[in-house]
Protein chains: 2
Amino acid sequence: MSDESSAALPPEPAVPTEPTRTTTPIASQRLGDMVADRIKDYIIERKLSEGDRLPTEQQFAEMFGVSRLSVREATRALGFLGILRSAPKRGLTIGRVDMDRVSTFLGFHLAMSDYPRTQLLKARMVIESGALAEAVERIATDDAVYQRLCALNDRLAGITDVDAFIAGDLAFHQALLASSQVGPLIAFGGLLEVFFRSFREELVHLRPEWAGGIESHRAILAALRDRNLNLARALLEAHLSRYFSRV
Amino acid sequence: MSDESSAALPPEPAVPTEPTRTTTPIASQRLGDMVADRIKDYIIERKLSEGDRLPTEQQFAEMFGVSRLSVREATRALGFLGILRSAPKRGLTIGRVDMDRVSTFLGFHLAMSDYPRTQLLKARMVIESGALAEAVERIATDDAVYQRLCALNDRLAGITDVDAFIAGDLAFHQALLASSQVGPLIAFGGLLEVFFRSFREELVHLRPEWAGGIESHRAILAALRDRNLNLARALLEAHLSRYFSRV
DNA sequence: TCTATTTATATTGTCAGATGATATAGTCAA
DNA sequence: TTGACTATATCATCTGACAATATAAATAGA
């Protein structure tokens, strides 16, 4: 792991295509980390892609001259990112990066950074507002998207429970973000959503303004349908700015 | 890992602060994945931060009713991202995300990334452009920040190696983003940076335009120092748009 | 001959028990 | 007080094993 400990370097495996590595600290990595590097190099050299088979854990263990469990430490790490997949009998295959998984774990780690809530709000405003530039055309031309957003917003009107309102409100915002079809932004917005559950207190106090918030959503949608990006942005930013007075 | 196998759910541990989890598939995760989730929750609930001690592997094993090796499968995964650190005698502590590690492993996997590069570019433009609204005042009033950014940019002029240029260019952009002091945006930019190492080819082809890029950086800084946010944004967006013709 | 079922095999998932390596705390002597 | 030594704690890695799961092969029946 990140801490370094002196591990005996396993003998160079008899892999003729082993590339020269000029940056690996030779004597200070854990075996598992070294194995992960070797597996990565194996994948790169053979230009493997998703679904391709890899050697088994036991074969890797023999290749690298380590125990199978040490190989597992590497494959677990790579699997955690989704890079590898494993199944009984079938063995190891190439996966694809699981951005949701990465985001989930990086996200809670970001939470530990104790970001001030003003920063969370600012980040949210940048992302949601910036995404509107990509969302506006789609909302204006694709009536199904527009209607779905309206439906999500209308559903808010009947909600009286604060947790349900939070969930509904976030769902609306996330759907709005999703209409941008910019995957990374959607993922980042999802990350930020984790923190906005902590704004529960604010939403309790803002209860008299819930109806106003629903109206704001409507106005934003109407501006987007009319392709008035600047107005939509201004309305969204004003809408999210309500929280600043509460933090 | 990503593949699911039916694992007997360990008995609910006697941890009174165990939160309710409504989204975990109960019977289809590997133990190591479940343990990773539990550790994540443990960290969240206790609001632990970097350097804080965690229970030992053996203690976690007893808490969760699994073997120590199963705990290690989880801690290895979390440690791989740098979220946990482990050392003999000392035990497990909270680390910080190891962006270099993440970068190395996500970077090689880029070809299989879910996100089209146009989306990555768009996300980057939203985040960096949006952050300027927060950065502008600081750059205009804090000469040390402005000078540091200028120095980073000047350093680019002497670089001829493409990898060094990438690193220097990204460092400039990250420092620009950092001057916004909006932590989440900085983190998201850091995540996106991982993917921009894959634009190596583009930068090779754009070599005749490196000097122009450096000039763009200068113009952006000058606009920010003059508090001309709209101009700075337009310049930044134009600067990043060069990549669109390459994807 | 084809299909369904059963059996065998392959490989990961998890465990118990153990030793080695590393780091920290405590003790003692100068 | 400082440095050296010893004891202790805990991770790092291993061997050996069985359980669980999935796939391939063999067999039986229509």
Side-chain angles (χ1 to χ4, degrees), chain A residues 1-11 25-39 51-80 82-95, chain B residues 1-11 25-39 51-80 82-95:
Chain A
M1 305 202 227
S2 302
D3 283 339
E4 295 190 343
S5 54
S6 313
L9 181 69
I26 297 290
S28 56
Q29 283 192 44
R30 250 84 45 107
L31 282 186
D33 292 346
M34 286 189 249
V35 169
D37 276 335
R38 297 264 174 95
I39 291 174
D52 288 347
R53 285 280 185 83
L54 284 165
T56 65
E57 293 179 350
Q58 187 56 45
Q59 284 167 342
F60 273 137
E62 285 157 15
M63 275 167 69
F64 301 146
V66 298
S67 77
R68 178 163 80 97
L69 283 197
S70 291
V71 170
R72 277 188 74 76
E73 299 215 346
T75 60
R76 289 309 320 272
L78 293 175
F80 196 74
I83 293 175
L84 288 198
R85 296 182 167 192
S86 64
K89 166 73 173 174
R90 180 175 184 78
L92 302 174
T93 53
I94 306 288
Chain B
M1 303 199 230
S2 304
D3 282 338
E4 295 188 343
S5 54
S6 314
L9 180 71
I26 297 292
S28 55
Q29 283 192 43
R30 249 78 54 96
L31 283 185
D33 293 344
M34 287 189 251
V35 170
D37 277 336
R38 297 266 174 93
I39 292 174
D52 288 347
R53 286 283 182 82
L54 283 164
T56 64
E57 292 177 350
Q58 186 57 45
Q59 284 167 341
F60 271 138
E62 284 157 14
M63 273 166 70
F64 301 146
V66 298
S67 78
R68 177 163 80 99
L69 284 196
S70 293
V71 171
R72 276 189 73 77
E73 300 215 347
T75 61
R76 289 308 321 274
L78 293 174
F80 197 71
I83 294 175
L84 288 196
R85 296 183 167 190
S86 65
K89 165 78 176 175
R90 181 176 183 78
L92 301 175
T93 53
I94 306 290

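Just so we're on the same page: letters track the sequence lines, and every chain starts at 1. Basis for what follows: all heavy atoms, side chains included, without hydrogens, waters or symmetry-related copies.
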Asker: Of all the heavy-atom pairs spanning A:Leu92 and A:Pro55, show the shortest one and how long it is.
Answerer: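 Of all heavy-atom pairs spanning A:Leu92 and A:Pro55, the closest is CD1-O, 3.5 Å.
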Asker: Checking only heavy atoms, does the side chain of A:Arg53 share a donor-acceptor pair with the base of C:dT11 at less than 3.5 Å?
Answerer: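 Side chain to base: no pair present.
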Asker: To the nearest 0.5 Å, how far apart are OG in A:Ser70 and CE in A:Met34?
Answerer: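 Going from OG on A:Ser70 over to CE on A:Met34, the span is 9.5 Å.
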Asker: What is the minimum heavy-atom distance between B:Ala36 and B:Leu78, and which atoms define it?
Answerer: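 Closest approach of B:Ala36 to B:Leu78: O-CD1, 4.2 Å.
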Asker: Whole angstrom is fine here: how far is it from CZ in A:Arg90 over to C1' in C:dT9?
Answerer: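 Rounded to whole Å, this separation is 16 Å.
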Asker: Looking at the side chain of A:Val66, which of C:dA16, D:dT21, D:dC14 is the nearest nucleotide?
Answerer: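 Looking only at side-chain atoms, A:Val66 lies closest to D:dC14.
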Asker: What nucleotide among C:dT12, C:dT9, D:dT10 has an atom nearest to a side-chain atom of A:Lys89?
Answerer: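 Of the options given, the side chain of A:Lys89 lies nearest C:dT9.
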Asker: Could you tell me whether the phosphate oxygens of C:dG13, OP1 or OP2, come under 4.0 Å of any side-chain nitrogen or oxygen in A:Ser86?
Answerer: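 Checking A:Ser86 against C:dG13: at least one side-chain N or O falls below 4.0 Å of OP1 or OP2.
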Asker: To the nearest Å, how far apart are B:Gln58 CD and C:dA16 P?
Answerer: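 Whole-Å distance recorded here is 9 Å.
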Asker: Which nucleotide wins on minimum distance to the side chain of A:Thr56, given the candidates D:dC11, D:dT13, C:dT12?
Answerer: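 Nearest to the side chain of A:Thr56 among the choices is C:dT12.
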Asker: Determine, stepwise, if the pair B:Val35 / B:Ile39 fulfils side chain to side chain contact (heavy atoms under 4.5 Å, CB included).
Answerer: CA-CA 6 Å; B:Val35 170; B:Ile39 292 174; 3.8 Å; yes
Asker: Roughly how far apart are A:Thr93 OG1 and A:Leu54 CG, rounded to 0.5 Å?
Answerer: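 One finds 7.0 Å between OG1 of A:Thr93 and CG of A:Leu54.
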Asker: How far apart are the closest heavy atoms of A:Ala77 and B:Arg76, and which atoms are they?
Answerer: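 Residues A:Ala77 and B:Arg76, closest heavy atoms: CB-O, 4.2 Å.
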Asker: Within this structure, what is the CE-to-C1' distance between B:Met34 and C:dG13, rounded to whole angstrom?
Answerer: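 For the pair B:Met34 CE and C:dG13 C1', the rounded distance is 11 Å.
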Asker: Would you say the base of D:dG16 and the side-chain of A:Arg68 have a donor-acceptor pair closer than 3.5 Å?
Answerer: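 Answer no: no donor N or O sits under 3.5 Å from an acceptor.
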Asker: What's the closest nucleotide to the B:Pro88 side chain, out of C:dT11, C:dT14, D:dT10?
Answerer: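 Of all the options, the side chain of B:Pro88 is nearest to D:dT10.
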Asker: Does the side chain of A:Glu57 come within less than 4.5 Å of A:Phe60's, by heavy atoms?
Answerer: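 Not touching, per the 4.5 Å side-chain cut-off.
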Asker: CD1 of A:Ile39 versus C1' of C:dT12: gap in Å, rounded?
Answerer: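 In whole Å, C:dT12 C1' lies 14 Å from A:Ile39 CD1.
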Asker: Atom CZ of A:Arg76 and atom P of C:dG13: how far apart are they, to the nearest Å?
Answerer: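 Taking atom P of C:dG13 as the reference, CZ of A:Arg76 is at 7 Å.
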Asker: At less than 4.0 Å, is any side-chain N or O atom of B:Arg72 found next to OP1 or OP2 of D:dC11? Yes or no.
Answerer: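 No, B:Arg72 has no side-chain N/O under 4.0 Å of OP1/OP2 on D:dC11.
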Asker: What would the secondary structure line of DNA chain C be in dot-bracket form, counting Watson-Crick and G-U wobble pairs under 3.5 Å, with [ ] for pairs that cross earlier ones and | for pairs with another strand?
Answerer: ||||||||||||||||||||||||||||||
Asker: To the nearest Å, how far apart are B:Leu84 CG and D:dT10 P?
Answerer: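 About 16 Å, once rounded to whole Å.
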Asker: Using whole Å, what does the distance between atom P of nucleotide C:dT12 and atom CG of B:Leu69 come to?
Answerer: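 Going from CG in B:Leu69 over to P in C:dT12 covers 17 Å.
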Asker: Report the distance from atom CD of B:Gln59 to atom C1' of D:dC11, rounded to the nearest whole Å.
Answerer: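 Roughly 13 Å, once rounded to whole Å.
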Asker: With the side chain of B:Glu57 defined as its heavy atoms from C-beta on, choose the nearest nucleotide among D:dA12, D:dT15, C:dT14.
Answerer: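 Closest nucleotide to the B:Glu57 side chain: D:dA12.
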